[in-house]
Amino acid sequence: MVEMVSRPYERAFEKHALANPEVLCISADLTSSCEIDKFRDNHPDQFLSMGMAEQNMMSFCGGLGLAGYRPFIHTFGVFTYRRPYDQLMASIAYPRRKVRIMGFLPGITTPGGMTHQAIEDISVMRSMPNMTILETGDATEVESICEAADSIDGPVYCRVLRGSMPRLFDTPIKVGEMRELSLGNDVLIVTAGITTEEAMRATKALEAAGVSVRHLHLHTIKPFNAEAILDHINAVKGGVITLENHVTEGGIGSLVAEVMADNGVGKKLRRLGLKDTYAHGGSRAYLMRYYGLDALALTQGVEDLLGQKLGITETDLAEARVDAVHSLAKAEGL
C-alpha cells in the first residue's frame with residue numbers, strides 16, 4: 001500500500017525557512033494555492049506579498065539576491081516565465097542571483113487549461129544560461145526540494161507538486177543525480193515528475209510480458225548528467241522511451257535525444273508527451289489518458305519501440321491512483 005502524504009511542501013518550507021533567516025517567502029497573490037498561507041500567518045516578518053505583478057516580483061527578488069537574501073518565489077509555474085521572461089532573464093539569470101523559483105501546477109496537474117498549465121517551462125528554462133531545473137515526483141522529493149534548491153549557487157527553477165501525493169522514494173533529492181528504479185537490459189524508460197508513478201504502474205506488466213525494463217527517474221533536469229544516462233542507453237538492446245508531463249520538444253525527450261545524437265548512438269528513441277498541443281481542462285487522470293501520458297500509453301509506446309504486440313491491457317496494469325478534483329488538499333484545483 002502506497003503511503004499518501006498531505007501538503008508536504010507546507011511543512012518542508014517552514015522548517016527550511018526558520019532554519020535559514022536569509023530565506024524570504026515571496027508570494028504572487030497565490031499564497032494559499034502554494035501552501036504558504038500558514039507561513040504567512042505565523043511568520044509575517046519573513047513573508048512578502050508582491051501581488052499579481054510577476055514582472056515586478058522578478059526584478060525585486062533580483063535585488064533581494066543582491067542584498068544577500070535568498071528569496072523563494074511561490075506561484076504557478078506558468079506565471080514564472082511567460083509574462084516576466086525579460087525580468088527573469090535580466091534580473092535573476094544573467095547576474096546569477098540566488099533566487100529559488102517554486103513553480104506549482106506543472107503540466108497537466110491542473111484542470112485550468114492553457115492559461116494555468118506550464119507545458120513548455122522546461123524548454124524555456126533550460127535554454128536560459130545559469131538556470132538550474134529540478135522536478136519533484138513524490139512526497140519525499142517535495143519534502144527535500146527546499147534544501148536541494150537552496151544548495152544551488154545561482155537561480156533555480158523547481159516544478160513542485162502540491163496537495164496529497166504518494167511517497168515513492170526513501171531518499172531525498174541529490175542534485176545532479178538520477179534515480180535507478182530498475183536495471184533491465186531490453187528497454188530504457190526515462191521519466192520525471194508525475195509520469196514516474198505511471199511508469200512504475202506499467203513496469204510489472206511489461207516484465208510479465210517478457211520485457212526487461214531499465215527505468216530512470218530524473219529530479220535534476222539541468223544540469224543533466226549526460227555521461228550517466230549514456231551508460232544506461234548503452235546497456236539496453238531495444239532502445240529508449242521517454243515519458244514526460246511536458247511538450248515533447250525541449251523537455252527530457254529532447255535531452256535524451258541530444259545525448260544520443262552527440263554521441264552517435266544508433267538506437268531507437270520514442271518520445272511520449274504533449275504532441276505540439278495545448279491541453280484542455282479535466283482531471284489529471286483524464287488528461288493523462290487523453291494525451292497519452294499514462295501507463296497504458298507507455299506500454300503501447302514500448303510495443304511501438306520493439307515492433308511487437310505485448311497484449312497488455314488496462315487490467316494488467318497496477319491500479320491507477322485517482323485524485324479528487326478540487327479536494328481540500330488542492331490536488332488539482334486552482
Side-chain angles (χ1 to χ4, degrees), residues 1-16 30 32-39 72 74-78 102-112 116-119 121-122 133-149 157-174 178-179 181 191-203 215 217-221 243-246 252 282-289 293-295 298 317-334:
M1 189 72 176
V2 175
E3 177 192 359
M4 296 299 295
V5 183
S6 180
R7 297 170 68 95
Y9 185 83
E10 178 180 76
R11 297 183 295 277
F13 177 75
E14 181 179 42
K15 179 181 178 181
H16 183 76
L30 288 167
S32 63
S33 294
C34 296
E35 300 184 353
I36 50 173
D37 46 331
K38 290 183 180 178
F39 188 89
F72 275 63
H74 296 86
T75 186
F76 296 164
V78 71
M102 301 290 116
F104 290 77
L105 302 187
I108 49 82
T109 57
T110 168
H116 287 70
Q117 292 166 339
I119 63 168
D121 51 332
I122 293 175
I133 303 172
L134 306 177
E135 178 166 12
T136 57
D138 84 323
T140 300
E141 293 191 339
V142 171
E143 289 169 348
S144 57
I145 191 64
C146 294
E147 185 174 352
Y157 172 68
C158 303
R159 300 183 109 205
V160 186
L161 300 177
R162 66 173 189 178
S164 180
M165 65 199 71
R167 187 180 302 283
L168 304 177
F169 312 123
D170 298 327
T171 57
I173 290 173
K174 294 182 180 179
M178 57 187 70
R179 296 189 189 272
L181 302 185
T191 59
I194 61 172
T195 61
T196 292
E197 186 180 358
E198 292 299 310
M200 294 172 75
R201 287 182 57 215
T203 296
H215 181 197
H217 166 76
L218 306 182
H219 51 61
T220 303
I221 309 297
L243 178 64
E244 58 190 310
N245 178 30
H246 189 268
I252 64 171
S283 70
R284 190 177 86 174
Y286 166 77
L287 292 175
M288 294 187 85
R289 171 56 54 86
L293 308 181
D294 65 357
L298 179 60
L317 301 170
E319 185 177 356
R321 181 180 60 81
V322 180
D323 295 323
V325 180
H326 302 299
S327 71
L328 293 176
K330 289 196 171 184
E332 295 176 320
L334 299 178

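The model shown is predicted, which means the values in this text are computed figures rather than measured ones. This chain uses plain numbering: 1 for the first residue, then up along the sequence.
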| query | Atom CG in D138, atom NE2 in H219: separation rounded to 0.5 Å? | reply | 10.0 Å
| Which is it for V5 and R11 under the side chain to side chain contact (heavy atoms under 4.5 Å, CB included) test, yes or no, and what are the steps along the way? | CA-CA 11 Å; V5 183; R11 297 183 295 277; 3.4 Å; yes
| query | Distance from C146 atom SG to Y9 atom OH, nearest 0.5 Å? | reply | 4.0 Å
| query | Does a salt bridge link E143 with R167, judged by any charged N lying under 4.0 Å from a carboxylate O? | reply | yes
| query | Step by step, would you call I221 with L134 a side chain to side chain contact (heavy atoms under 4.5 Å, CB included)? | reply | CA-CA 6 Å; I221 309 297; L134 306 177; over 6 Å; no
| Would you say the side chain of I173 lies within less than 4.5 Å of the side chain of I145, judging by non-hydrogen atoms? | yes
| Distance in Å, L287 CG paired with I108 CD1, rounded so as to fall on 0.5 Å steps | 5.5 Å
| What is the distance from atom CD of E3 to atom CE of M165, rounded to the nearest 0.5 Å? | 11.5 Å
| message | Between R179 and E141 (salt bridge meaning N to carboxylate O under 4.0 Å), is one present in this structure? | response | yes
| Which of parallel (below 30°), tilted (30 to 60°) and perpendicular (above 60°) describes H217 and F169? | tilted
| What distance separates I133 CD1 from D121 CG, expressed to the nearest 0.5 Å? | 8.0 Å
| field | Geometric class of the H74/F72 ring pair [parallel <30°, tilted 30-60°, perpendicular >60°] | value | parallel
| request: Take H215 and T191, measure what side-chain hydrogen bond (donor to acceptor under 3.5 Å, both in side chains) needs, and give me the verdict at the end. | output: CA-CA 8 Å; H215 181 197; T191 59; 2.8 Å; yes
| said: As a test of understanding, state which of L161, T110, V160 forms a side-chain contact (heavy atoms from CB on, under 4.5 Å) with F104. | reply: V160
| From E10 atom CD to S32 atom OG, the distance as rounded to the nearest 0.5 Å | 10.5 Å
| field | Side chain N245, main chain P106, donor-acceptor under 3.5 Å | value | yes
| message | Just so I know, are the side chains of L218 and E135 near enough to count as touching, which here means a heavy-atom distance under 4.5 Å? | response | no
| said: Checking side-chain contact (heavy atoms from CB on, under 4.5 Å) between L293 and each of R284, H246, M288, which is the one that passes? | reply: M288
| Would the number of heavy atoms belonging to other residues, nucleotides or ligands and lying under 6.0 Å from CD of E147 be above 12? | no
| E198/R201 ion pair, N-O < 4.0 Å | yes
